[in-house]
Amino acid sequence: MNAGLSPWAWAAAAAAVLAVLLAAGAAVVIHHRRLRTHLAALAQQILSISEGRFEQRVQPPVAALQPLAQSINVMAAQMAITLAERDQQFGALRSEVDRDPLTGLESRVPFMERLVQRLSDPAAPAGTLAILRLTDLAGLNRRFGRERGDELLRSVAALLRLRGLRLQRPGGSADESADGVVVSRLNGADFGLLLPATDSAQVTQWLDDVARSLRSLPVMAGGELVRVGWIGASRWQPGEALGELLARADGMLQTCESGDHDWRLAEPGDGGGMNIARWRVALDDALQTGRIGVQLEPVLRCDGALDHSHAVAFIALPGQLRLQGDDLLAPAARCLRRVDVDLRVTELALQALQADDLALAIDIGWESALRPNFLLRLDGVLQRAGDATRRLRVDIDMRPGRHEGLAPLMPLLALLRRHGVPAGLDCVAGPFTDMTELARLGVATLALDAALTTGLSQPGAAGRRRLTELMVEVARSQSVGVLARGVANPADLRCLWALGLSAAAGPAVQREPALAA
């Protein structure tokens, strides 16, 4: 009898073996797919961390992947804690920078932001802007020493704070709030004041009271009591343009300085319009006749080598008067001519680059950067310049957009990247929301604002030094250079070098004579 299996039995056995093999193959495929799925999830987590999203993920059921997943979760948690601590440091130190260390008053940047906010709020009450300018503070420091000048600044600050309490609205608090007088130190010799919504008679009485109090301060020169300063003021209405308000206040200040007036007050619609009109005519004439140019300011590295040149705009006015830098750009912005000035400076810089082997940086106003018409015209200028654009850097004035970050500037940054033009951020007075994304967005340099760097070596500037150090650290971690311009104090310059600055310019920097445009 044949003891072998029947054909049917052989078929059944073969089918069983095939089923086992298919099951094993399916298990391998399923495991491979699960493995790929979990690996893709870990890769996505790593990508999220690189983009600043520190997500925690559940441990995968695959034992081989669990140590890797745990390490990634630990790394994400540690980075989140580190950046949170840095943000807290930035916030605490920025609050110190918002105060003038000598007088304790609000500094220029938050003061101007507050003024812009009030003007742009149609529901806000009317008010008054006043600017107090001290008489020859630099001369006082030279004749009697810096301590005497500091004493005067503290005395004026205390006087303005005390007199400010007299103008509080009913129910207002005694601090610097929307109900009280806001007092700021705008720069070395200028103080700014925002007065609450009171009528002209009250403001007039208050200005006269402050002027009398200033005359009582004992400032001597050559044995005689001298005027402490002048006050130019203007009332405003909600919705009014910032440029027109500043022009009126400036006009009143100039009237005081050129005459024998302690103070002058303008109303909306007074004088400032003519002042702006005259500026507009002067700027248009300079643009049309070619009396606008650039002066090249060398920016040096700490070893004395030239890093690049900074093109400073200037115009020649009748009577051999020459205006440059902020003295030119501020009125240009008020007259809505900053776009035209910025474009002309760009053309002049590109002409210089085509004629010589230079590396140049130019300044672009925040208001220009946001205008589609400016971007369109700038695109045309850069297209015509050819390869010269690669030795140009465009620095964007960050002063009005300090807390807005870089989001409004994305169209300009994209345009510059398309032409191979590095971007820089100018007048940076503190950290902003996009500090950790500078390199990704094409930002090559940060130029620190004078409000951050002036007096940095003084004992009371420890908070500003730490803030500057943190900003330099964040920038350098992205290979972004940090520089300062207009450095006048050698001690401040040494402090900046010690904090890791890439380059600097100004009277304190040892350099060759500036090149003529």
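Counting from 1, the numbers follow the sequence of the chain as shown.
Side-chain polar atoms of Asp492 and Ser457 form a donor-acceptor pair below 3.5 angstrom.
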Quiz prompt | side chain to side chain contact (heavy atoms under 4.5 Å, CB included) between Leu245 and Arg235, worked out | solution = CA-CA 8 Å; Leu245 172 61; Arg235 291 173 58 77; over 6 Å; no
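A donor-acceptor pair is defined here as one N or O able to donate and one able to accept, closer than 3.5 Å; no such pair exists between the side chain of Arg185 and the backbone of Phe191. Looking at Gln354, its side chain never comes within 3.5 Å of a backbone N or O of Asp387 through a donor-acceptor pair. A donor-acceptor distance shorter than 3.5 angstrom exists from the side chain of Asn187 to the backbone of Ala189, with no hydrogens or angles considered. Thr103 places no side-chain N or O within donor-acceptor distance of the main-chain N or O of Ala157, the cut-off being under 3.5 Å. Judged by distance alone, with hydrogens and angles left aside, the side-chain atoms of Asp397 form no donor-acceptor pair with the main-chain N or O of Trp366 at under 3.5 Å. No donor-acceptor pair closer than 3.5 Å links the side chain of Asp307 to the backbone N or O of Leu300.
At least one side-chain heavy atom of Leu425 sits less than 4.5 Å from a side-chain heavy atom of Leu406. Looking at Asp363 and Val312, their side chains never come closer than 4.5 Å, going by heavy atoms from C-beta outward. Taking the side chain as every heavy atom from C-beta outward, His310 and Leu360 never approach each other to under 4.5 Å. Residues Leu186 and Phe111 have side chains in contact (heavy-atom distance under 4.5 Å, counting atoms from C-beta outward). Looking at heavy atoms from C-beta onward, Leu193 lies out of side-chain contact with Val210 at the 4.5 angstrom threshold.
Qualifying side chain to side chain contact (heavy atoms under 4.5 Å, CB included) partners for Arg371, counting only residues two or more places apart in sequence or in other chains: Leu336, Val339, Phe374. When the side chain to side chain contact (heavy atoms under 4.5 Å, CB included) test is applied to Pro411, the partners found at least two apart in sequence or on another chain are Leu375.
Atom CZ of Arg476 has 12 or fewer heavy atoms from other residues, nucleotides or ligands within 6.0 Å. The number of heavy atoms from other shown groups lying within 6.0 Å of CZ (Arg417) is above 12.
The minimum heavy-atom distance linking Leu452 with Leu456 is given by the pair O-CD1, 3.2 Å.
Applying the salt bridge (charged side-chain N to carboxylate O under 4.0 Å, His left out) definition to pairs two or more places apart or across chains, those involving residues 446-456 are Arg108-Asp449.
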